Amino acid sequence: MKFIHLTDPHFVPPGKTLYGRDPRPALDAAVADINAHHQDAEMAVITGDLTHWGEPAAFQNLVDGLAPLAMPVHVLAGNHDARDVLRAHFPNQPVDNNGFVQSTLDTPVGRFVFLDTMLAGTSAGHFCADRQAWLAETLAASDGHDLFLFMHHPPFDVGIPAMDRIGLQQKDEFQAVIEPHKARIRHLFFGHVHRPISGSWRGIPYSTLRGLNQQVWLDMVNEEMTASFEPPAYCVVLIENDRVVVHTHDFMDPNEKFKMHSSPFTDWAIRPPGA
Ligand SMILES: [Fe+2]
């Protein structure tokens with residue numbers, strides 16, 4: 001099973017820019033690249049910060065940009081979004097009984113669990129008692145299913161102070177909810193950090209990736225965030241019974257591409273020059 005992980009497009013209304021750049025062309029390029037090479041993907045998942053300021057025109061711009069994508073899209077709320085505007089523009093994205101953009105989706109490889117860690121007015125992630133109760137119930141009702149979790153904010157520190165101070169605030173509570181079920185959680189996907197990071201947390205493998213507009217420069221010292229225009233990426237995720245493979249693709253990379261069989265390096269690979 002193949003799906004596409006995208007994150008943090010930070011859309012603005014048409015004609016506007018964010019940090020001097022229009023986010024739309026990168027999304028258009030991503031959609032074109034995904035359609036050209038991964039039409040067989042079951043879905044795309046965007047892990048939040050769909051927009052930068054949450055205006056309806058920004059959401060509509062994103063909806064329009066995603067329209068040509070050849071597969072269904074599932075979206076999460078990020079700290080930059082406005083939940084009610086998100087719901088109005090993605091009416092097919094299910095919500096829980098409290099209106100949070102939380103839901104499950106059964107796939108051939110397991111149950112995808114989409115979480116909502118947004119709290120209006122703060123950049124940090126929040127997982128209130130209502131959301132904790134929903135997740136506890138959802139996981140308990142998923143006995144026997146492999147699980148894949150999706151959220152905007154990472155539930156642990158990643159070693160970048162500027163991001164860690166706006167990570168999920170209820171780390172202990174979140175951990176307590178998933179602890180009884182973590183053996184069935186095959187992977188955790190998140191956004192927010194705008195950097196390619198992978199590893200494991202309490203035995204759960206995880207990955208995240210660069211956003212589609214601005215990035216966060218690797219700074220493990222300063223509290224103040226440094227942004228960058230490192231290239232955007234999307235991930236192609238391959239899931240089989242015995243593996244989860246996450247390919248990070250810099251789809252706008254301008255470097256030359258060439259076939260190895262027509263390269264002068266081919267012989268070198270077999271036999272060093274002069275041998
Ligand atoms: Fe973001």
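Given the structure is predicted, the values throughout are model-derived calculations rather than measurements. Just follow the structure's listing: the first ligand is 1, and inside any ligand the first atom is 1.
- Protein N/O/S atoms nearer than 2.8 Å to the Fe ion (ligand 1) total 4.
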Indicate every side-chain donor-acceptor pair of residues 204-212 with a distance under 3.5 Å to a residue at least two apart or in another chain.
{"unit_1": "S207", "atom_1": "OG", "unit_2": "H187", "atom_2": "NE2", "d": "2.9"}
{"unit_1": "T208", "atom_1": "OG1", "unit_2": "F190", "atom_2": "O", "d": "2.6"}
{"unit_1": "R210", "atom_1": "NH1", "unit_2": "P231", "atom_2": "O", "d": "3.0"}
{"unit_1": "R210", "atom_1": "NH1", "unit_2": "D250", "atom_2": "OD1", "d": "2.8"}

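- Between F156 and F174, the distance separating the two ring centers is not shorter than 6.0 angstrom.
- Aromatic ring orientation, F150 versus F114: tilted (interplanar angle from 30° to 60°).
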I'd like a table of donor-acceptor pairs (distance under 3.5 Å, sequence neighbours excluded) in which one partner is a side-chain atom from residues 20-33, with atom names and distances.
{"unit_1": "D22", "atom_1": "OD1", "unit_2": "R24", "atom_2": "N", "d": "2.9"}
{"unit_1": "R24", "atom_1": "NE", "unit_2": "D28", "atom_2": "OD1", "d": "2.8"}
{"unit_1": "R24", "atom_1": "NE", "unit_2": "D28", "atom_2": "OD2", "d": "3.3"}
{"unit_1": "R24", "atom_1": "NH1", "unit_2": "N61", "atom_2": "OD1", "d": "2.8"}
{"unit_1": "D33", "atom_1": "OD2", "unit_2": "Y234", "atom_2": "OH", "d": "2.5"}
{"unit_1": "D33", "atom_1": "OD2", "unit_2": "H249", "atom_2": "NE2", "d": "3.3"}

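- In this structure H89 satisfies the side-chain contact (heavy atoms from CB on, under 4.5 Å) test together with P56, F59, Q60, V63, V85, sequence neighbours excluded.
- A cation-pi contact, defined as under 6.0 Å to the ring centre and within 45° of the axis, is absent between R186 and F148.
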